[in-house]
Amino acid sequence: MKTVMLLGGAKGVGREIVKSCVQKGYNVAFCGRDAKLGEELTKSLNSPNKVYFHQINLNAIDSIQNYYNNVIQKFKKIDALIVYSGITPIAPLVDTEEEIYDNVFNINLKAPYFLLKHVLKSMMKFKSGSIVFFGSAHMDYGQEDRTAYALTKSALYTLSNHIAHHYAKYGIRSNYLVMGWTHTEGELELRAKEGITEKELKTEASKIIPMGRMLSPNDPVPAVMYFISDDSAMTTGSLIRITGGEYI
């Protein structure tokens with residue numbers, strides 16, 4: 001019986017991964033700021049013994065460690081960690097305030113780093129594990145108004161490769177999934193703040209993405225399920241692009 005832990009998971013693609021894990025019969029732990037969202041998803045899955053939601057503050061290291069401790073207490077081990085959570089504020093380099101910079105780095109990079117500090121120790125003990133990082137096409141240089149975000153996604157790619165190289169001897173694998181422009185709640189909220197409607201967003205995206213549409217929250221899920229399965233036992237240090245052909 002596999003236990004899958006997500007950093008994030010209450011919304012968007014993360015939520016679809018939680019659902020897929022339950023359908024496969026896995027134990028699954030996920031987290032988020034909104035307790036109501038987490039409780040609603042947990043209840044809808046109708047598998048109380050296999051699902052654990054943890055309300056979390058990703059700016060607080062203690063909260064991250066508590067999440068790890070509770071997952072271990074409930075499920076005893078972690079077979080896979082999926083690093084999904086992240087924020088994407090509009091922040092060009094020349095206009096980035098320190099508060100925005102700190103928030104992006106805390107949530108996108110510091111939180112995964114310190115969760116991995118604990119999860120890797122558990123995986124080393126059992127001599128197995130799979131880590132999946134959710135990356136972005138911004139990782140190479142990013143759009144002009146996503147500077148801090150681009151830096152965190154590039155750093156996560158380095159971290160994924162670091163783990164793949166140095167922890168393979170413990171049977172631990174690490175892979176990086178580049179997720180393209182995706183129709184999630186977070187994306188819709190961000191564009192609404194810019195005065196862009198959902199219809200306008202889809203129309204704009206269809207002109208930019210070579211395959212003609214935005215990703216749905218389900219599009220990246222099969223790749224994630226492959227990475228955490230035994231079918232990918234010898235797959236580590238890889239990068240897969242699920243972007244509809246988009247390169248930023």
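Since the structure is predicted, the reported quantities are computational estimates derived from the model, not experimental observations.
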Does the Y67 side chain pair with the main chain of A29, one donor and one acceptor, at a distance under 3.5 Å?
yes

With a 4.5 Å limit on heavy-atom distance, are the side chains of P48 and T42 in contact?
no

Could you check whether atom NE2 of H166 has more than 12 heavy atoms from other residues, nucleotides or ligands sitting under 6.0 Å from it?
yes

Polar side chain donor-acceptor pair, Y226 to D231, under 3.5 angstrom:
no

Treating T203 as the side-chain partner and K199 as the backbone partner, does any N or O pair qualify as donor plus acceptor under 3.5 Å?
yes

For the residue pair E16 and P217, establish whether any side-chain heavy-atom pair is separated by less than 4.5 Å.
yes

Heavy atoms, side chains only, cut-off 4.5 Å: are N161 and L159 in contact?
no

Residues forming a side-chain contact (heavy atoms from CB on, under 4.5 Å) with A60, sequence neighbours excluded:
N57, S63

Check whether any side-chain N or O of S206 sits under 3.5 Å from a backbone N or O of R213 as a donor-acceptor pair, and report yes or no.
no

Taking side-chain contact (heavy atoms from CB on, under 4.5 Å) as the definition, give me every residue that meets it alongside K117, ordered by chain and number, with sequence neighbours left out.
F114, K121

Answer whether the closest heavy-atom distance between the side chains of F133 and L116 falls below 4.5 Å.
yes

What do you reckon, is CE of M234 surrounded by more than 12 foreign heavy atoms closer than 6.0 Å?
no

Do the side chains of K2 and D230 get close enough for a salt bridge, i.e. N-O under 4.0 angstrom?
yes

What I'd like to find out is whether the side chain of M5 reaches to under 4.5 Å of the side chain of I78, using heavy atoms alone.
yes

Main-chain N/O of D62 paired to N66 side chain as donor or acceptor, under 3.5 Å:
yes

Does the distance from a Lys or Arg side-chain N to an Asp or Glu carboxylate O, for E40 and K43, drop under 4.0 Å?
no

Can you tell which of F134, Y157, F227 makes a ring-ring contact (aromatic ring centres under 6.0 Å, His included) with Y176?
Y157

Backbone N/O of T197 and side chain of E200: donor-acceptor pair under 3.5 Å:
yes

Is atom OH of Y101 surrounded by more than 12 heavy atoms (other residues, nucleotides or ligands) closer than 6.0 Å?
no

Could you list the residues that satisfy side-chain contact (heavy atoms from CB on, under 4.5 Å) with Y170, not counting sequence neighbours?
M124, K127, Y167, I172

Member of S160, S238, S232, S128 meeting the side chain to side chain donor-acceptor pair (under 3.5 Å) criterion with R173
S232

Main-chain N/O of T3 paired with D79 side-chain donor or acceptor, under 3.5 Å:
yes

State plainly whether one hydrophobic cluster holds both L37 and I87, where clusters connect Ile, Leu, Val, Met, Phe, Trp and Tyr through side-chain heavy atoms under 4.5 angstrom apart.
no

With distance as the sole test, does S174 use its side chain to make a donor-acceptor pair with the main-chain N or O of A164 at under 3.5 Å?
no

Measure up the Y52 and H54 rings against each other and bin them: parallel (under 30°), tilted (30 to 60°), perpendicular (over 60°).
tilted

Using the rule that two of Ile, Leu, Val, Met, Phe, Trp, Tyr join whenever any of their side-chain heavy atoms come within less than 4.5 Å, decide whether V104 and L115 are in one cluster.
yes

Treating N103 as the side-chain partner and I100 as the backbone partner, does any N or O pair qualify as donor plus acceptor under 3.5 Å?
no

Is there a donor-acceptor pair under 3.5 Å between the side chain of S122 and the backbone N or O of L120?
no

Using a 4.5 Å cut-off on heavy atoms from C-beta on, say whether the side chain of I17 contacts that of L6.
yes

Determine whether V224 and V178 fall in the same hydrophobic cluster, where Ile, Leu, Val, Met, Phe, Trp and Tyr are linked whenever their side-chain heavy atoms lie under 4.5 Å apart.
no

May I ask you to decide if R33's main-chain N or O and Q55's side chain share a donor-acceptor pair within less than 3.5 Å?
yes

Is the shortest distance from a Lys or Arg side-chain nitrogen in R146 or D140 to a carboxylate oxygen in the other one below 4.0 Å?
no

Are K110 and D102 close enough for a salt bridge, meaning some N to O gap below 4.0 Å?
no

Under a 4.5 Å cut-off applied to non-hydrogen side-chain atoms, are V22 and K50 in contact?
no

Would a hydrophobic clustering, with Ile, Leu, Val, Met, Phe, Trp and Tyr connected at side-chain separations under 4.5 Å, put I131 with I82?
no

Can you get from L239 to L151 by hopping between Ile, Leu, Val, Met, Phe, Trp and Tyr side chains that sit under 4.5 Å apart?
yes

Could you go through the side chain to side chain donor-acceptor pair (under 3.5 Å) check for Y149 and N108 one step at a time?
CA-CA 8 Å; Y149 175 76; N108 293 11; over 6 Å; no

